[in-house]
Q: 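Here it is, the structure, as structure tokens.
All values below were derived from every heavy atom in this structure, side-chain atoms included, with hydrogens, water molecules and symmetry-related copies excluded. Every number for a ligand or one of its atoms is a count from 1 in the order of the listing.
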Amino acid sequence: MSLRYQRLYVNIDHVATVRQARRSPEPDPVAAARLCEQAGADGITAHLREDRRHIQDEDIRRLAAAVTTALNFECAATNEMLALAEALRPTAVTLVPERREEVTTEGGLDLERAAPQLRDAIARLQRAGVRTSLFIDADADAVRQAQALGADAIELHTGPYAHAPADPRTLRALADAAALGASLGMAVHAGHGLSVQNVGPVAAIAEIEELNIGHAIVGRAIFVGMVEAVREIRRAMDDAREADRF
Ligand code: PXP
């Protein structure tokens, strides 16, 4: 018997990265989102960073209007971002840590330090009817803290696994955190650094309902087009879920 269907959310930030390299209208991340949906993506993810290095405010507004599947708005838990989420009411918000000098999100949220801010943010988003996910490291304490803060979902940081896929501890940490998160009643998502080459073992973790994948899809789309790049990842996920017959 194969595992339950796992959703694929495509992060289209780096379509905007290419556009911003020239501050020109093309390539348009909203057009990319449409192609992803056409290719079978279950949702679109976009990260509005404080420094606006790729996605712009107007992109988020246009995505909120154009996306017909589901929009996952990724942002830091700042007043500015929460106000935008309240106004646009995306399907979900994923709260992430953010440092201006980082190239990409480098680790999960520091739940201990940011607890009051995160608790308020989750309550505020839930009042607006927006499901809230916390991006966390695959660590039992972090999973328990996320539940205590009232998160609807957790997104497990797969970066350590992507950097060291041959180290069995990285995959074990994800599997254990996913099982704990699900047993505590939260939806479990995962993402960061996943590609056709490494997605299989993560896709095969039963409790992970949703993967967020961006850079590898946009990079591959340069060579094979967005539709085929999304389909390739989708196939790799489905193959892994079907092959898992315990
Ligand atoms: N999930 C989160 C929380 C992220 O910050 C990112 C990167 O923006 C991703 C998933 C997607 O990572 P990648 O672009 O490496 O697939």
Q: Asn212 and Thr45: side chain to side chain donor-acceptor pair (under 3.5 Å), yes or no, with the steps?
A: CA-CA 7 Å; Asn212 273 282; Thr45 297; 2.5 Å; yes
Q: Which protein non-hydrogen atom lies closest to atom 16 (O) of ligand 1, naming both residue and atom, and how far is it?
A: Gly214 N, 2.8 Å
Q: Considering only protein heavy atoms, which is closest to atom 8 (O) of ligand 1, and at what distance to one decimal place?
A: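 Of the protein heavy atoms, Asn11 ND2, 3.5 Å lies nearest.
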Q: Which of the numbered atoms in ligand 1 are under 4.0 angstrom from any heavy atom belonging to Val96?
A: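 Heavy-atom distances to Val96 below 4.0 Å select 3 (C).
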Q: For atom 15 (O) of ligand 1, grab the closest protein heavy atom and report residue, atom and distance to one decimal in Å.
A: Gly193 N, 2.8 Å
Q: State plainly whether the residues Asp59 and Arg19 are in salt-bridge range, i.e. N to O under 4.0 Å.
A: yes
Q: If only side-chain N and O atoms count, and only distance matters, is there a donor-acceptor pair under 3.5 Å linking Glu155 with Ser133?
A: no
Q: Are Thr94 and ligand 1 in contact, using a heavy-atom cut-off of under 4.0 Å?
A: no
Q: Going by an N to O cut-off under 4.0 Å, is there a salt bridge joining Arg144 and Asp139?
A: no
Q: Before accepting this row, confirm whether a basic side-chain N of the pair Arg235/Asp239 lies closer than 4.0 Å to the acidic partner's carboxylate O.
A: no
Q: Under 4.0 Å from ligand 1, counting heavy atoms only, is it the side chain of Glu74, its backbone, both or neither?
A: side chain
Q: For atom 2 (C) of ligand 1, what's the nearest protein heavy atom and its distance?
A: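 Looking at atom 2 (C) of ligand 1, the protein heavy atom closest to it is Glu155 OE2, 3.4 Å.
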Q: Should the heavy atoms of other residues, nucleotides or ligands under 6.0 Å from CD of Glu58 be counted, would the total exceed 12?
A: yes
Q: To which protein heavy atom is atom 11 (C) of ligand 1 closest, and what is the distance rounded to 0.1 Å?
A: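 Ranking protein heavy atoms by distance from atom 11 (C) of ligand 1, first comes Asn212 O, 3.9 Å.
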Q: Taking 4.0 angstrom as the limit and counting only heavy atoms of Ile213, give me the atoms of ligand 1 inside it, by number and element.
A: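 Per the distance check, 16 (O).
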Q: Rounded at 0.5 Å granularity, tell me how far CD1 in Ile44 sits from CG in Leu8.
A: 8.5 Å
Q: Which residue and atom name correspond to the protein heavy atom nearest atom 14 (O) of ligand 1, and how close is it?
A: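 Result for atom 14 (O) of ligand 1: His215 N, 2.8 Å.
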Q: Which heavy atom of the protein is the closest neighbour of atom 7 (C) of ligand 1, given with residue, atom name and distance?
A: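 Protein heavy atom at minimum distance: His192 CD2, 3.8 Å.
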Q: Is the shortest heavy-atom distance from the side chain of Val93 to the side chain of Arg131 under 4.5 Å?
A: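 Side-chain contact under 4.5 Å: no.
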